[in-house]
Q: 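I have a structure here, written as structure tokens, and I will follow up with some questions on it.
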Amino acid sequence: MNIRLLLSFVMMLISLSAFSASNAQVEEANALARRLSGRLAEKVEFKQGKVKGVDYFTLKNEGDKVCIIANNANSMAVGLNRYLKKYCHTTVSWYADVAVDLPAELPAVVQGETVEARVPQRFFLNYCTFGYTMPFFDWKDWERVIDWMALNGVNMPLAITGQESVWYNVWTALGMTDEQVRSYFTGPVYLPWHRMANIDAWCGPLPKEWLDGQVVLQQKILARERALNMRPVLPAFAGHVPRMLTTLYPNADIKKLDAWDEFEAPYQTYFLNSEDPLYAKIQRLFLEEQTRLFGTDHIYGIDLFNEMEAPSYDCDYIARLSKHVYSSLKAVDKKAEWLQMGWFLYYQRNKWTPEVTKAMLSAVPQGKMTMLDYFCERMEVWRLRDKFFNQPYIWCYLGNFGGNGVMQGNVNESGERLETALKEGGANLKGIGSTLEGFDVQQFPFEYIFDKAWNYGATDAEVVKMVADCHADRPDENMRQAWDIIYHQVLTAPATTFRGTAANGFPYYKKLAKRSRAFADMKALNEAWHLLLKQPSANADAAKIDLIWTGRELLGNLFGYEKTEFDSAYVVADTVKMHEKALMMRSLLHDLDMLNAQHPFCTVDKWIEQARDWGEAPEVKDYYEMNARRLITTWGGDLNDYAIRNYSGIIANYQAPRWDIYIEEAFRSVRTGTPFRDKERTEATHRFELAFAEKHGEEFPKYPGVELLSLSRALASKYAAELQAWLSK
């Protein structure tokens, strides 16, 4: 074969390979569209465009087709989402059970556009999300979440499912027994805090069937994420080891860490110094086994001392520790990169001074350690720590703690902060992300942040108009006005922990729970709610969520006013007013429970059903349900109510009985002329809470089918006078 023929043959192979890769990208985008809607897949045509230095998509008409041209399947998905939101007035839920609502006739694109990404990396998820939202997700649930991530341009998801099986194989190889390893793990919903080295063993041991099932699930998750041009962030060894290793390896440099949030022994954790030879051995065992099961994308999440005290904050010690951690990665994977969440730089900022932080980051080669600036809506660490000393970083919006379903998140201000960061944050600002702890039901704040990763250049007015039209499923002036108020006047405070409405808060004597007081502008919210009630219909899922989200926030905090009035009547022994206010409190709790019952993801039934479905034997189903109940009620340690939910079933069967105990003690006190027995009442409440957390198979309230818009209007009318009295104070 002469050289000319050989070169032609090689070029043909290259062209065929490129064509095959192009077809694969297009097919992945087509498959995503088909999963959303068969009609949508028929209307949209995907094409792979030229590869540029940035991600991009072009949206235009070609004949009767909507054509989306992009550099890869991930960008094609973003272009598809642009079409859905801008032209079809629809938003795709991150919940698999919610169908995509499309117009009867899919519209053409009015004006073509080409949009480029402003940053190369778009990160999503948080260790905690795997506990507060996704511990019992099956493949159907994950499939929609991954599609939602692709539609919103996420290309760097945290992917930590199934790692316990890897650890199981590592720890047994090092001499631990099956029972010892599974007892070291926490229960399923608490695994995030085990993975972050906060607690061991709590609500364990972990069933072997759980380990096996999660491996299969993770393999599906990773295959789909990689197919959609995502680079999943897998875990690596950070130093957290079982206590048993102190016996098996008595000469190893292992220290017991301080108790986290009042979890004393036997739930405290142990840390192996990265300078100890055993560290590198464990790292190799883990990475090789993980790669065998799950492959690798060469980027690893390693999070040191999350809400835990380091053995020392000496700069030399921290630098050595950091250097050895990275060296242990590189020894196994020469392409290894370290991704470190920056929560500790906010949460423990007094200990992690600029000097200590620099020691940690500078010990790793430039570009090999990416920092997540974790909670930028409240504190941008890049400003305080010299732009992370030139290591790459990702600006992140947290937005939710514990899956608390309240109206929170300073959305507009966060957008302004992000715009400033993109201008002033330095060339090492490489991405935008969200580190939400739980999904809640309202996804707008997170979609808003991911939209900022693309050069749409939208004004505030355009943002409000688009979200309102998508939620109403059509242009609706009342919805637009309501969302203008929500955007500018209600979503103004950063997320905080232990957040619920006054109805969700623990019943404290003569005061409201600190974090259950109204944070949003309730007068503005009242106006927005009444505008939402003027819709001619609320058929779209997003419109239903808006009604529940705003209604429960308003009525839940009205409960605080009624409770304060009850306490005032108690002080003067006005039993007539006490009965009136007790009736109002109980009525609000009943109606809040009924309001939430109108959406499946606002009910505890869905949460518990997902938990029980993961089990095979009845006793395993009960075990998973116990885990699910504990997390959203008592939690453990001093975290009672941290993950409290505005769920139908929880309100009626958990929160209402807590308030009944409070109300009955107040009446007993007045009736007998004796002091309020707050200690005894608190102890009785905690006994009830623990009993609820241990139950299984309980029936939750069911309500006759009602039309949500009519129900919301009826509730607004029912409480109009009370709302006016409260809001006028």
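Below, all heavy atoms of this structure are taken into account, side chains as well, without hydrogens, waters or symmetry copies. Sequential numbering from 1 along the given sequence is applied to the chain's residues. From a predicted model like this one, the values you see are computed outputs, not experimental measurements.
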Q: When you look at E377 and R417, which way does the salt bridge (charged side-chain N to carboxylate O under 4.0 Å, His left out) test go after all the steps?
A: CA-CA 8 Å; E377 68 262 39; R417 287 182 175 214; over 6 Å; no
Q: So F344 and W352, would you call those rings parallel, tilted or perpendicular, with 30° and 60° as cut-offs?
A: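 Correct class here is perpendicular.
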Q: One pair to check against salt bridge (charged side-chain N to carboxylate O under 4.0 Å, His left out): R292 and E288. What are the steps and the verdict?
A: CA-CA 6 Å; R292 183 184 72 82; E288 288 179 347; over 6 Å; no
Q: List the steps, then state whether salt bridge (charged side-chain N to carboxylate O under 4.0 Å, His left out) holds for K140 with D97.
A: CA-CA 9 Å; K140 175 187 168 187; D97 292 347; 2.8 Å; yes
Q: Is it true that the NZ or CZ of R349 lies under 6.0 Å from the centre of Y346's six-membered ring and within 45 degrees of the ring axis?
A: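 Judged by the rule, R349 and Y346 form a cation-pi pair.
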Q: Just how far is it from atom CG of D261 to atom CD of E307, taken to the nearest 0.5 Å?
A: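 D261 CG to E307 CD: 6.5 Å, rounded to 0.5 Å.
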Q: Under a 3.5 Å cutoff, is there a donor and acceptor pairing between the side chains of Q121 and N155?
A: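 Looking only at side-chain atoms, N155 and Q121 do not form any donor-acceptor pair under 3.5 Å.
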Q: When rounded to the nearest 0.5 angstrom, what is the spacing between CG in N72 and CZ in F57?
A: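 Here the rounded value is 12.5 Å.
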Q: Kindly state whether the ring of Y267 and the ring of W202 have centres lying under 6.0 angstrom apart.
A: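 That pair passes the under 6.0 Å test.
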Q: Tell me whether the centres of the aromatic rings in F271 and F305 are closer together than 6.0 Å.
A: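 Judged by ring-centre distance (under 6.0 Å), F271 and F305 do meet the cut-off.
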Q: Give, for atom CG of L158 and atom CD1 of I299, the distance between the pair rounded to the nearest 0.5 Å.
A: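 Taking CG in L158 and CD1 in I299, the distance rounds to 10.5 Å.
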Q: Can you label the angle between the F450 ring and the F124 ring as parallel, tilted or perpendicular, going by 30° and 60°?
A: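 Judged by the thresholds at 30° and 60°, the geometry between F450 and F124 is perpendicular.
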Q: Would you mind telling me which of H194, R195, R182, Q214 makes a side chain to side chain donor-acceptor pair (under 3.5 Å) with E164?
A: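 That would be R195; it is the only one of H194, R195, R182, Q214 passing the side chain to side chain donor-acceptor pair (under 3.5 Å) with E164.
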Q: Would Y393 and F388 count as a close aromatic pair, with their ring centres under 6.0 Å?
A: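 Ring centres of F388 and Y393 closer than 6.0 Å.
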Q: Looking only at the aromatic ring of each residue, does the gap between the centers of F136 and W142 stay below 6.0 angstrom?
A: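 Centroid distance W142-F136: not below 6.0 Å, so no.
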Q: List the steps, then state whether side chain to side chain contact (heavy atoms under 4.5 Å, CB included) holds for L436 with Y397.
A: CA-CA 7 Å; L436 76 176; Y397 172 85; over 6 Å; no
Q: Which heavy-atom pair separates L422 from K452 by the least distance, and what is that distance?
A: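 L422 and K452 have their closest heavy atoms at CD1-O, 4.5 Å.
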Q: With ring-ring contact (aromatic ring centres under 6.0 Å, His included) as the criterion, how do Y190 and F263 come out once you've worked through the C-alpha distance, each side chain's angles and the decisive distance to 0.1 Å?
A: CA-CA 13 Å; Y190 296 102; F263 279 94; 7.7 Å; no
Q: Does any donor atom in the side chain of D55 or N71 lie under 3.5 Å from an acceptor atom in the other side chain?
A: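 Side chains of D55 and N71: pair found under 3.5 Å.
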Q: Walk me through whether D641 and R515 qualify under salt bridge (charged side-chain N to carboxylate O under 4.0 Å, His left out).
A: CA-CA 10 Å; D641 276 358; R515 295 288 173 85; over 6 Å; no
Q: Got a donor-acceptor contact below 3.5 angstrom from the S165 side chain to the V215 backbone?
A: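 Checking the backbone N and O of V215 against the side chain of S165, no donor-acceptor pair under 3.5 Å is found.
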Q: Side chains of N306 and Y347: do they bring a donor and an acceptor to under 3.5 Å?
A: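 Checked: N306/Y347 side chains show no N/O donor-acceptor pair below 3.5 Å.
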Q: Ignoring hydrogens and geometry, is there a side-chain-to-backbone donor-acceptor pair from Y270 to G239 under 3.5 Å?
A: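 Not confirmed, Y270 side chain does not pair with G239 backbone.
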Q: Is it the case that atom NZ in K208 sees more than 12 heavy atoms from other parts of the structure closer than 6.0 Å?
A: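 Counting neighbours around NZ of K208, more than 12 heavy atoms of other residues, nucleotides or ligands fall under 6.0 Å, so yes.
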Q: To the nearest 0.5 Å, what is the distance between SG on C376 and CH2 on W382?
A: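 It comes to 9.0 Å.
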Q: So does R34 pair up with E27, basic N to acidic O under 4.0 Å?
A: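 Yes.
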Q: Taking atom CG of L639 and atom OG1 of T633, what is their separation to the nearest 0.5 Å?
A: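 Here the rounded value is 12.0 Å.
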Q: Can you say whether the rings of W148 and W94 are parallel (under 30°), tilted (30 to 60°) or perpendicular (over 60°)?
A: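 Geometry flag for W94 against W148: tilted rings.
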Q: Give the intermediate values and the outcome of side chain to side chain contact (heavy atoms under 4.5 Å, CB included) for residues W193 and T186.
A: CA-CA 9 Å; W193 298 275; T186 63; over 6 Å; no
Q: Between OG1 of T161 and CZ of F294, what distance do you get to the nearest 0.5 Å?
A: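 That separation rounds to 8.5 Å.
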Q: Hey, is NZ on K368 packed in by over 12 heavy atoms from elsewhere, all under 6.0 Å?
A: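 Yes - once you tally the heavy atoms of other residues, nucleotides and ligands closer than 6.0 Å, there are more than 12.
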Q: Less than 6.0 angstrom from the centroid, inside 45 degrees of the normal: does R645 satisfy that with respect to the ring of W607?
A: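 Judged by the rule, R645 and W607 form a cation-pi pair.
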Q: Apply side chain to side chain donor-acceptor pair (under 3.5 Å) to W343 and Q348, showing your working.
A: CA-CA 8 Å; W343 172 253; Q348 297 150 282; 5.9 Å; no
Q: Would you check if the side chain of Q391 reaches a backbone N or O of G367 as a donor-acceptor pair within less than 3.5 Å?
A: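 Such a contact is found between Q391 side chain and G367 backbone.
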Q: Say whether N169 and E289, considering side chains only, have a donor N or O and an acceptor N or O under 3.5 Å apart.
A: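 Looking only at side-chain atoms, E289 and N169 do form a donor-acceptor pair, the distance falling under 3.5 Å.
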Q: With a 3.5 Å cut-off and no angle check, do the side chains of Q340 and Y374 form a donor-acceptor pair?
A: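 On atom types as modelled, these side chains do not qualify, holding no pair under 3.5 Å.
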Q: Are any of the side-chain nitrogens in K335 or D297 under 4.0 Å away from the carboxylate oxygens of its partner?
A: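 No, K335 and D297 are not salt-bridged.
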Q: Determine whether the aromatic ring centres of H599 and Y647 lie less than 6.0 Å apart.
A: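 No, they do not, as the ring centres are separated by 6.0 Å or more.
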Q: Consider side chain to side chain donor-acceptor pair (under 3.5 Å). Of D200, D303, N198, T269, which one does H240 pass it with?
A: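 For H240, the side chain to side chain donor-acceptor pair (under 3.5 Å) test succeeds with only one of D200, D303, N198, T269, which is D200.
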Q: Are the side chain of S322 and the backbone of I318 linked by a donor-acceptor contact shorter than 3.5 Å?
A: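 It does not hold such a pair.
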Q: Looking at K330, I want to see if its NZ is surrounded by more than 12 non-hydrogen atoms of other residues, nucleotides or ligands under 6.0 Å.
A: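 It does not: K330 NZ has 12 such atoms or fewer within range.
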Q: Answer with yes or no after comparing the ring centroid distance for Y279 and H324 against a 6.0 Å cut-off, counting only values under it.
A: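 No.
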Q: Which atoms form the tightest heavy-atom contact between M230 and A150, and what is the distance?
A: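 It is CE-N, 3.5 Å.
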Q: Please confirm whether the backbone N or O of V411 pairs with a side-chain atom of E416, one donor and one acceptor, at under 3.5 Å?
A: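 Such a contact is absent between E416 side chain and V411 backbone.
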Q: Should L174 and V170 be marked as a side chain to side chain contact (heavy atoms under 4.5 Å, CB included) after you check the CA-CA gap, both sets of side-chain angles, and the distance that decides it?
A: CA-CA 6 Å; L174 291 174; V170 170; 4.1 Å; yes
Q: Is the distance from the ring center of W167 to that of F286 below 6.0 Å?
A: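 Between F286 and W167, which both carry aromatic rings, the centre distance is below 6.0 Å.
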Q: Is the side chain of D212 donor-acceptor paired with the backbone N or O of E209 at a distance under 3.5 Å, no angle test?
A: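 No; judged by distance alone, with no hydrogens or angles, the pair does not exist.
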Q: Between W210 and F185, does the ring centroid distance fall short of 6.0 Å?
A: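 W210 vs F185: aromatic centres not under 6.0 Å.
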Q: Testing the basics here: between A73 and L228, what is the closest heavy-atom pair and its distance to 0.1 Å?
A: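 Scanning both residues completely, I find the closest heavy atoms to be CB-CD2, 4.3 Å.
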Q: Answer with yes or no whether the side chains of E116 and W454 bring together a donor and an acceptor at under 3.5 Å.
A: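 There is no such pair (donor and acceptor under 3.5 Å, judged by atom type) between the side chains of W454 and E116.
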Q: Tell me the closest heavy-atom pair linking Y300 and A236, and the distance in Å.
A: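 Result for this residue pair: CB-CB, 3.7 Å.
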Q: Can you tell whether the side chains of R224 and E143 come within less than 4.0 Å, N to carboxylate O?
A: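 A salt bridge is present here (some side-chain N lies under 4.0 Å from a carboxylate O).
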Q: Name the one of F498, Y132, F375 that satisfies ring pair (Phe, Tyr, Trp, His ring centres under 6.0 Å) with F401?
A: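 Result: among F498, Y132, F375, F375 is the only option passing the ring pair (Phe, Tyr, Trp, His ring centres under 6.0 Å) with F401.
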Q: Where the side chain of E337 meets the backbone of M369, is there a donor-acceptor pair that is under 3.5 Å apart?
A: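 No.
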